[in-house]
Amino acid sequence: MSDARILDRGYRAYEGSRSGVAGAVRSVAWHTVRSILGLGRKGRHKVFPVVVIVIGFVPAVAFLAIAILLGDFGDEVRPEYWEFFNFSVMAALVFTALVAPEAIVRDRRDGMYALYLSTPLTRPTYLLAKVIAVAGTLSIITAGPALLAFLGYTFQGLGPEGVVDGIWVGARVVLAGVAISVIYTAVSLGASSLTDRRAFASVAVILLMLGLSLATALMVDAAGMTESLRLLDPLGTPLEIPARLFGNRTVEYIDIGTLPVVLANLGWLLLGAGTLVYRYRRLAAV
Amino acid sequence: MTSPPMTSPPVTSPPVTSPMVSVTNVSKAFGDVVAVSDVTFSVGPGVTALLGPNGAGKSTLFRLMCGLTPPSQGTVHVFGVDARRNREVRGRIGLAPQQDALFDRLSARRFVELAAETHAIADPTEAAARALGFVDLDPAEAKPVGAYSKGMRQRVKLAAALVNDPDVLILDEPLTGLDPVQRNRMIRLFHDLGDAGKCLLVSSHVLDEVARLGSDVLVIAQGRLAAAGDYRALRSLMDDRPHRIRVVAEQPRALAAALLARSLVDGVSVATDQLVADTSDVDAFGRAIAPLARELGVRLREVQPLDDDLESVFRYLVERR
Amino acid sequence: MSIISTAGLTVQFGAHRALDALDVHVESGVTGLVGANGAGKTTLMSILLGLRRPSAGNATVLGLDPVTQGAELRARVGYAPERNVLPEDMPASDFVKHLAEVRGMPKDEARTRASDALWLVGLGEERFRALGTMSTGQRQRVKLAQAVAADPSLVFLDEPTDGLDPVQRDEMLTLIREISTNFGIDVVLSSHLLEEVERICDHVVALDAGRLVADGPLAELVGNDEGVTVELVEVADRPDATAAVLAALRERGFDVRLHDRSAAFDVVADDADRVADAVRDAVADSGARIGRIVRRRRRLEDLFEGARS
Amino acid sequence: MSAGTSMRVVEPLRALRLTYRVVLAQLVTRGRLAALVLVGAVVAAVAAAVGVSDEIDDPLEAAVRVIADLGFTALVPIVALVFATAALGDLRDDGTLVYLWLRPMDRWPVVAGAWAAAVTVGLPLTVIPLGVASVLVDGGGALVGATVLAGVVAVIAYSALFLLAGLLVRNAIVWGLAYVLVWEGIVAGYGNIPARMSVRGYTRSIITSRTGVDLDLGDLSLAPSVIVPLVAAAVALLLAARRLRSMDIA
């Protein structure tokens, strides 16, 4: 009978190493991306995010197709890389207003926030994970069309000459897309941190982004006031980043220097992120 | 208890007093999910505990009684009428709902005052102060109830249910969140109200609480009324199983032998300082054990039935074991 | 060795003192943190997890300081919050696996352990179901599973039996006891129900309005004999039996106290043997039927009554 | 427990007043007020900017554009949406509706009281900034009158419709947002029937008929543009009272 042994009671001690805070951030960020996109969830949860992303690509694909079909004759109509960022702005707005708030509001409602804070995560690292997830997903919409154009042009021989040039163009496209995404994310999550109700967060983001955009446009175009007012538009100002990175200015911001544009974008980023951090510092975990 | 102006036809049991709440052949389904299935009972004055596993239909039954949701079949009457249709009878019901929801921005006094006002109480301020006194809350506290702890909110809810001096009080898990001292106070308050002729229906899923609420229980399982009545009497109806009794005594072996010799027990197991006996005649056992112990010179420390408590009754009815 | 100790731990919310200079020592095993809602149980847990800073005093958990070594501490601790809300459309297995990953497990290990933990709590066959379709009892089990999945040394369970019916409550308490006994995980559970703490805990920390009422091994806090409680059953052929028993006991000088709403009475005296014999003889003389005789114990409830008065 | 106490009932007007008071107390939160006052202030500021500007060809048209585009497509519907869906919808969702339901009161005063509360908050938050804006924008007396009239009509109508929505569906605020942005903002532009089924069509008609500035959708005369939304509001409130009578209460 000496070889009778109880081998496994279904629950064992764990001796291996633990991944710590970095692993926790990675796990939460990936989990958030999946839930934003509705991966691993029922079909109806996938519809909305997928539609938003598709809408973001439609205008870019159309222009790209025309430009490529026309070949060299299309020089006149062929949009530049930075112009592609404007094509997906409505999709980005819908994402920012209706999808992004879900990333943090839900955790507070369904108890995940308290659970996360009981792990190696802290408030700042938790928020970092959320920003990475939301801005990363949003970058598909913001940088995606221009990246597509970059690939399309390159295959057609209309793209940048040489590897170094290619990397330089690609890097600027990605940088611009990420910058826009981070600013939109900051504004959206900042507004979402003010309320426990996703609907109010959506209303707030719409009022802030669309309302200010309309208001500043009316003030400049209808009332003829100074163009600098456009820097108060959190929807349009970040879109100036790709233009400046590619050495251009959009018509709306033509008289505004690059420094004010950078400062205004930095301002929106800090306003959103500051609100977010301030609110969460005061938010009790349990 | 004066009988109400609109008297209902008596439904079950001998019509000594007309029932205050009567539920007749009531079923309720939400879509395809049957929450309550063909339930019939009636209750009069006093405290009746409603007991059942989660999801058995306790809250649904309470909602049906208050008219918050209509039955799919059958009738629910309070003083002979349907609270969903009859405005007057709603003034005679007090409900403490299960959900922890209050008008969070009001103070406790304002919240209870509002309950009094919406019941057309002549002096709402006085009524609110009295009701808050019942539950040990300070009417002068200005803090909104949204900032109260769960236990305090629970008591605000109770005060609002009591403020109209209702004849029928329906309390869904009213003891949740109270500390032991408050729990005892509330149970005493319930008994006082029951003694004063009010009809109290109190649900709980904590057996210890129910046992203290009194012996009258309605047991709901899987949407059906599994049993009604005094739970000790219910135990005696469970004929198909012997009673198991633990006796802590010195010299348990001698006592066990004597019990077996006189056929007072069907089986017995003995340990160093106690024995556990199975008996089908609990009356004879209960009468014989003390004289027998004295006869043998055995010191008797404890005699404890192991399965006549509410939990055994509950398991028998709900789990069939 | 104490797994948790605090010294002068105080939490002040504005004018409200949520915890008042607590000196608590918790030993290995199952510890019950009892008190009403609002007594400070959750606040104490959140300090011990490093989620909140104390206004004064300090704490040590597993030899670590929750204020400065919070992340390190929380990697070794599991926690199940009181709120019974969970992500509705997430399968239980994904939920437990995800939290195990966040607590530092590699992906494959997390998947295996999530499955093991769900089997352990009796949800093995239900593990792919969405949390929103689960009953209160199942959700409490899922919360327990995620707390133990990452092999913690210690778990904090905030009101793990809240909302459970008697049968579920019983199973949950048994499960918690097993986790501590079989797997050597220390447990701190909070409850507002003294009966269940009396049933499974080795140690008790009792709070009332932020103050410490009692702290120590359960047996020491509740054990003392103080006479017996007797319940006689009315029998038709001896209508005056109960009265005779009461009279006989009072005649012999015992302090006999009738219960409020039942046929039971207490016989209070220090000498347990004398009480036992007197009761036996009085009952035998009167021909009464014994319903029950049980030793009268001090219960946790009495600690609170004592603290309040 | 005498026969007298059992006959207690709350008279309808008193029930209305009690509901009004408690719903108002629940609706007015500092956050909501601050956010929406801020939005109103932005509208007024834009109007002021247009008003003082001397670089505009047709001042009246610019003024009408500001009021109609900012005020009646965004400010008014969103303010009404936030408060009216919450008026009874929040009570239903969080389970406090029972404290007004299980009472010796009729149903319609509860609906009327809640609606009155939503209008009480909604009116000053919209009509004051829009009135100020219409003065600042310098579009003349006709525009001020039209703005105030259209504002009152719109708040009354939107509040009744969104109150009903709050009793009918969960997430009423998201559905309402979709109605405002998609139906009134896009679909209404494509046909006469959708236009007649949006409050926006009537508010724009009021402004057009009083100022003479042509707006899309604004092709009705004054009387029907005032009467139709008010009738719609009354019907919505009747439906809400019926719904309250027949619905399940948590």
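All chains are named by letter (A, B, ...) in the order of the sequence lines, taking the proteins before the strands, and each is independently numbered beginning at 1. Note: hydrogens, waters and symmetry copies are ignored here, and every other heavy atom, side chains too, is used.
- The main-chain N or O of D/R200 is never found under 3.5 Å from a side-chain atom of D/S198 such that the two would form a donor-acceptor pair.
- Scanning all heavy atoms of the two residues, the minimum distance from D/G122 to D/V155 falls at C-CG1, 4.2 Å.
- Of all residues in residues 67-74 of chain D, those placing a non-hydrogen atom less than 4.5 angstrom from a non-hydrogen atom of chain A are D/L70.
- With D/L163 as the partner, the side chain to side chain contact (heavy atoms under 4.5 Å, CB included) test is satisfied by one option alone out of D/V119, D/L237, D/L168: D/L237.
- Between the side chain of D/Y179 and the main chain of D/E184, no donor-acceptor pair closer than 3.5 Å is present.
- Atom CZ of D/R32 has more than 12 heavy atoms from other residues, nucleotides or ligands within 6.0 Å.
- For the pair D/M197 and D/W183, the tightest heavy-atom approach, listed with the atom from each and the gap, is O-NE1, 3.5 Å.
- Using modelled atom types, no side-chain atom of D/R92 and backbone atom of D/L97 make a donor-acceptor pair closer than 3.5 Å.
- Of residues 79-90 of chain D, those residues lying under 4.5 Å from chain A by any heavy-atom pair are D/V82, D/D90.
- Atom-to-atom distance recorded for D/L75:CG and D/L125:CG is 8.0 Å, nearest 0.5 angstrom.
- The CZ atom of A/F95 sits 9.5 Å away from atom OG1 of A/T142, with the distance rounded to the nearest 0.5 Å.
- Proximity to chain A is limited to the backbone of D/A45, based on heavy atoms less than 4.5 angstrom apart.
- Side-chain N or O atoms of A/T216 include one that pairs as donor or acceptor with a backbone N or O of A/S213 at under 3.5 Å.
- Atom CG of A/L115 is separated from atom CE of A/M112 by 6.0 Å, given to the nearest 0.5 angstrom.
- Using modelled atom types, one side-chain atom of A/T185 and one backbone atom of A/S181 make a donor-acceptor pair closer than 3.5 Å.
- For residues 265-279 of chain A, heavy-atom neighbours of chain D at less than 4.5 Å comprise no residues at all.
- In this structure, the separation between CZ on A/R230 and CD1 on A/I256 is 7.5 Å, given to the nearest 0.5 Å.
- From D/T147, atom OG1 reaches atom CD1 of D/I206 across 10.0 Å, with rounding to the nearest 0.5 Å.
- Remark: the backbone N or O of A/I141 is paired with a side-chain donor or acceptor of A/S88 at under 3.5 angstrom.
- Neither the backbone nor the side chain of A/L229 comes within less than 4.5 Å of any heavy atom of chain D.
- Residues of residues 195-203 of chain A lying within less than 4.5 angstrom of chain D, judged on heavy atoms, are A/R197, A/A199, A/F200, A/S202, A/V203 in numerical order.
- Crowding of D/E61 atom CD: a count of heavy atoms from other residues, nucleotides or ligands under 6.0 Å not exceeding 12.
- Remark: A/E83 CD to A/L239 CG distance equals 12.5 Å, nearest 0.5 Å.
- Contact of the A/R108 side chain with the A/I104 side chain is registered, since non-hydrogen atoms from C-beta on lie closer than 4.5 Å.
- With chain D as partner, the option from A/L218, A/L194, A/L210, A/L212 having the largest number of non-hydrogen pairs under 4.5 angstrom is A/L218.
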